[in-house]
Amino acid sequence: MSNLLREENTNGLTTNTSNPNILIVDDEPLIREILCEILSTEEYTTEQACDGVEALEKFKQQPSSFDLLIIDLKMPRMDGMALLAHIRKISLTHPVIVLTGHGSLENAYSLLQEYRIFDFFNKPLNSSDRLLFSVKNALEKAQLISKLMKLTKKLKLSNQKLTELSSYDSLTGLYNRRMFVEYTSHAIALVKRNNKSLGILYFDLDDFKKVNDTYGHSIGDHLLIQVSDRVKSIVRESDVFGRIGGDEFALLIEGDIDSIELINISKKILNAFSKPMYLNKQPIYITSSIGIAVLIDKKDTAEKLIQKADTAMYNAKKSGRNCYMFYSDIMNKIACAQLEMESGIRNALTNNEFSLYYQPKIDFKTGRISGAEALIRWIHPEKGIISPGEFIPIAEKSDLIIDIGKWTRETVLQQLVVWKNNNFPLIKISVNVSGKEFVKREVLQHLLDMFMKYDISPSWLELEITEDTLIKSVEEGNTDYRVIQGMDVGLAIDDFGTGYCSLGYLKEYPFETLKIDKSFIDNVIHNERDASIVRTIIAMAHNLNMSVVAEGVENEEQRNFLVDNNCDLLQGFFYSKPQPIDQFENFIKSFNEI
Ligand code: C2E
Ligand code: CA
Ligand code: CA
């Protein structure tokens with residue numbers, strides 16, 4: 001029965017329960033008449049055919065008009081067997097009862113199997129009851145089968161719907177295409193609201209078809225599972241990762257993304273395939289091509305963006321595979337420039353192309369330079385001086401910023417040692433610490449190492465940490481700054497007022513110094529709001545025993561305003577631009593009248 005159900009046929013029977021119609025096929029008119037007679041006692045309607053050819057013609061015209069066939073095996077022109085073969089091609093389910101002459105039943109069982117015969121009768125018919133019973137039985141069975149078939153069909157459809165509605169790819173457990181698109185649409189809507197961006201990495205395996213053709217589909221499936229596992233292990237748990245179909249995967253990257261970050265992730269993915277996959281303990285080397293699309297045109301839909309990433313992947317394949325490519329040419333150019341910059345920074349570190357410039361901080365009460373901020377410059381052999389604004393953000397995307405930070409602190413300590421050895425009056429030097437160094441907890445150990453190496457009191461060094469870095473590390477439970485404070489290294493909150501530092505933070509994390517961001521100083525004369533913010537910050541900091549530095553002081557009015565409001569230290573072009581060390585030394589000498 002299960003076979004019957006599986007091979008359902010649209011030409012199948014529709015059981016006419018009220019008045020079943022029976023086709024009687026026999027070459028002997030008398031037999032036909034007897035059968036009709038018997039069947040009419042039970043309100044069956046009948047039709048007759050004198051051989052296979054006539055029967056087939058009738059049946060073909062409208063199979064559903066017959067609920068049952070009674071077929072004689074021995075007939076001229078087309079015998080019962082041939083007729084059955086034809087009928088079963090049209091309908092697998094119509095119930096058939098076979099009439100045979102005496103003794104021709106030896107192959108009954110195989111007939112039963114092959115043509116799904118419901119019952120057999122030997123001629124001459126000697127029991128009308130048995131016939132009626134068999135007919136009734138056959139019709140009931142057929143009805144049941146038809147019901148079951150309808151149910152199975154329904155079940156199939158609902159299963160299909162369920163799969164369509166499901167969110168996951170059954171092979172890899174990743175999101176399926178539908179879900180990936182849905183997530184992307186949602187993310188795009190969010191991005192439009194908060195002015196961020198997002199990117200899609202779309203990749204597939206180079207030559208996956210070959211693997212499938214060589215090893216078969218089930219091995220191919222294994223490979224896809226391994227691929228998804230490897231990539232899963234290198235992306236963030238929060239990243240939306242989906243299998244789009246076949247060997248194509250897509251990764252949605254949200255947040256503060258830029259091309260460098262997307263490249264880094266792409267590199268990680270390519271790198272994940274550098275080690276072989278194992279199929280049946282046999283190593284298989286595969287590579288991948290990645291297309292990257294960034295939401296630049298905010299009108300793009302999820303589908304459109306995915307399609308762009310797909311196009312980019314196609315281009316990556318064309319340009320030699322095992323690589324990544326952005327969708328837009330401009331992005332490719334920016335990415336190239338940034339990559340160039342990255343390797344430039346690496347060279348600069350080994351070739352000693354970095355240099356520190358120093359900008360003095362003036363203590364208005366004493367009128368003397370009491371400290372300075374060390375600011376990095378890249379003295380490029382061809383391009384000249386490159387400002388940190390150009391390369392620090394790129395260094396921050398890779399671990400280069402860690403090396404830069406170390407270099408800066410060590411250079412400052414070396415300078416302090418030189419001054420100390422030359423009896424040059426020491427001043428406190430502050431250095432900028434990038435958020436990433438702090439988050440990666442690189443700073444504390446480095447300071448410990450450096451103060452072992454250089455004989456200088458930690459109190460001459462100050463770290464400038466932005467508000468946001470402070471908040472982030474506090475939220476992550478990073479308490480390194482307490483140890484640093486305990487070492488007597490100064491701590492200053494940099495760019496104060498631009499982040500989201502609450503007053504509560506200041507109370508709980510009493511750094512020594514607070515630097516008011518330049519943007520407030522810029523407008524302090526002409527904008528009463530900024531002026532009152534600056535006044536408040538100074539008063540509040542003093543209440544918390546912090547000293548206040550104003551950065552970006554460019555003119556006398558600003559200086560006077562800050563002095564009038566008791567700002568402790570002033571830093572800005574009004575006094576001096578950041579200068580190379582020898583000029584800076586001369587500047588101190590004349591300013592402080594040493
Ligand atoms: P920042 O920490 O806010 O540094 C102050 C910036 O303002 C410096 O720019 C300085 O030259 C500039 N500046 C100071 N006074 C004035 C003024 O009166 N007018 C104007 N228009 N600008 C003034 P710079 O040297 O280009 O540094 C930019 C940023 O790069 C710094 O901002 C800091 O965040 C970062 N940076 C610089 N050196 C380092 C470093 O060694 N490590 C790290 N991680 N970041 C650094
Ligand atoms: Ca600073
Ligand atoms: Ca600043």
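In this text the structure is predicted, and so the values were computed from the model without any measurement. Atoms within each ligand, like the ligands themselves, are counted from 1 in listed order.
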Query - For Glu373, atoms of ligand 1 separated by under 4.0 Å from a heavy atom - result: 2 (O), 4 (O)
Query - Name, closest N/O/S atom of Glu464 to the Ca ion (ligand 2) - result: OE1
Report task. Would you indicate which of Tyr357, Tyr575, Phe573 comes nearest to atom 13 (N) of ligand 1 when only heavy atoms are counted? Result -> Phe573
Query raised in the report: Taking atom types as modelled and ignoring hydrogens, do the side chains of Lys515 and Gln571 form a donor-acceptor contact shorter than 3.5 angstrom?
Result: yes
Requested in this report: Pick, from Gln359, Glu390, Arg377, the option with the minimum heavy-atom distance to atom 15 (N) of ligand 1.
Outcome: Gln359
Query raised in the report: Is Asp297 paired with Lys304 through a side-chain N to carboxylate O contact shorter than 4.0 Å?
Result: no
Query raised in the report: Thinking salt bridges, do Lys361 and Asp568 make one under a 4.0 Å N-O criterion?
Result: no
Query raised in the report: Atoms of ligand 1 less than 4.0 Å from Thr408 heavy atoms?
Result: 41 (O)
Query raised in the report: Is there a donor-acceptor contact under 3.5 Å linking the side chains of Glu373 and Tyr358?
Result: no
Query - the Ca ion (ligand 2) to nearest N/O/S of Glu551 less than 3.0 Å - result: no
Query raised in the report: Of all the atoms in ligand 1, which lie at a distance below 4.0 Å from a heavy atom belonging to Glu554?
Result: 17 (C), 18 (O), 19 (N), 20 (C), 21 (N)
Report summary line: Within 4.0 Å of some non-hydrogen atom of Asp495, the atoms of ligand 1 are 3 (O)
Just list the side-chain donor-acceptor pairs under 3.5 Å for residues 379-388, sequence neighbours left out, or say none.
{"from": "His380", "atom 1": "ND1", "to": "Glu382", "atom 2": "N", "distance (Å)": "3.1"}
{"from": "His380", "atom 1": "ND1", "to": "Lys383", "atom 2": "N", "distance (Å)": "3.0"}

Query - Parallel, tilted or perpendicular: rings of Phe241 and Phe203 (30°, 60°) - result: parallel
Query raised in the report: Does NZ or CZ of Arg559 fall inside the cone over Phe574's six-membered ring, less than 6.0 Å from its centre and within 45° of the axis?
Result: no
Requested in this report: Would you please determine whether Val553 falls within less than 4.0 Å of ligand 1 on a heavy-atom basis?
Outcome: yes
**Report entry** N/O/S atom of Ser430 inside 3.0 Å of the Ca ion (ligand 2), strictly under
**Finding:** no
Query raised in the report: What about Asn432: any of its N or O atoms under 3.5 Å from an N or O on ligand 1?
Result: yes
Query raised in the report: Is a side-chain donor-acceptor pair under 3.5 Å present for Thr411 with Thr408?
Result: no
Query - Numbering as shown, the atoms of ligand 1 that approach Ser434 to under 4.0 Å (heavy-atom distance) - result: 44 (N)
Requested in this report: Check ligand 1 against Pro578 and write out every atom of the ligand that is under 4.0 Å from a heavy-atom position of the residue.
Outcome: 11 (O)
Side chains of residues 522-534: which donor-acceptor pairs under 3.5 Å do they make with residues two or more places apart or in other chains?
{"from": "Asp522", "atom 1": "OD1", "to": "Lys518", "atom 2": "NZ", "distance (Å)": "3.2"}
{"from": "Asp522", "atom 1": "OD2", "to": "Lys518", "atom 2": "NZ", "distance (Å)": "3.3"}
{"from": "Asn523", "atom 1": "ND2", "to": "Asp530", "atom 2": "OD2", "distance (Å)": "3.2"}
{"from": "Asn527", "atom 1": "OD1", "to": "Arg529", "atom 2": "N", "distance (Å)": "2.8"}
{"from": "Asn527", "atom 1": "OD1", "to": "Asp530", "atom 2": "N", "distance (Å)": "3.2"}
{"from": "Glu528", "atom 1": "OE2", "to": "Arg535", "atom 2": "NH1", "distance (Å)": "3.4"}
{"from": "Ser532", "atom 1": "OG", "to": "Arg529", "atom 2": "O", "distance (Å)": "3.0"}

Query raised in the report: Are Asp494 and ligand 1 in contact, using a heavy-atom cut-off of under 4.0 Å?
Result: yes
**Report entry** Residues Arg441, Asp480: salt bridge by 4.0 Å N-O rule
**Finding:** yes
Query - Tyr314 six-ring face occupied by Lys317 cation (under 6.0 Å, within 45°) - result: no
Requested in this report: Before accepting this row, confirm whether a basic side-chain N of the pair Glu303/Arg177 lies closer than 4.0 Å to the acidic partner's carboxylate O.
Outcome: yes
Query raised in the report: What atom name does the N, O or S atom of Asp494 nearest to the Ca ion (ligand 2) carry?
Result: OD2
Requested in this report: Return yes or no for this condition: an N or O of Ser387 is under 3.5 Å from an N or O of ligand 1.
Outcome: no
Query raised in the report: At a 4.0 Å threshold, what atoms of ligand 1 neighbour a non-hydrogen atom of Gly552?
Result: 15 (N), 16 (C), 17 (C), 18 (O)
Query raised in the report: Mind checking whether Gln571 has an N or O less than 3.5 Å away from an N or O of ligand 1?
Result: no
Query raised in the report: In Glu373, the N, O or S atom nearest to the Ca ion (ligand 2) is which?
Result: OE2
Requested in this report: May I ask you to check whether Ile376 has an N/O atom sitting below 3.5 Å from an N/O atom of ligand 1?
Outcome: yes
Requested in this report: Give me the one residue out of Ile253, Val191, Val240 that meets side chain to side chain contact (heavy atoms under 4.5 Å, CB included) with Leu198.
Outcome: Val191
Query raised in the report: Considering Gly572, Gly435, Pro388, which one's heavy-atom position lies nearest to atom 30 (O) of ligand 1?
Result: Pro388
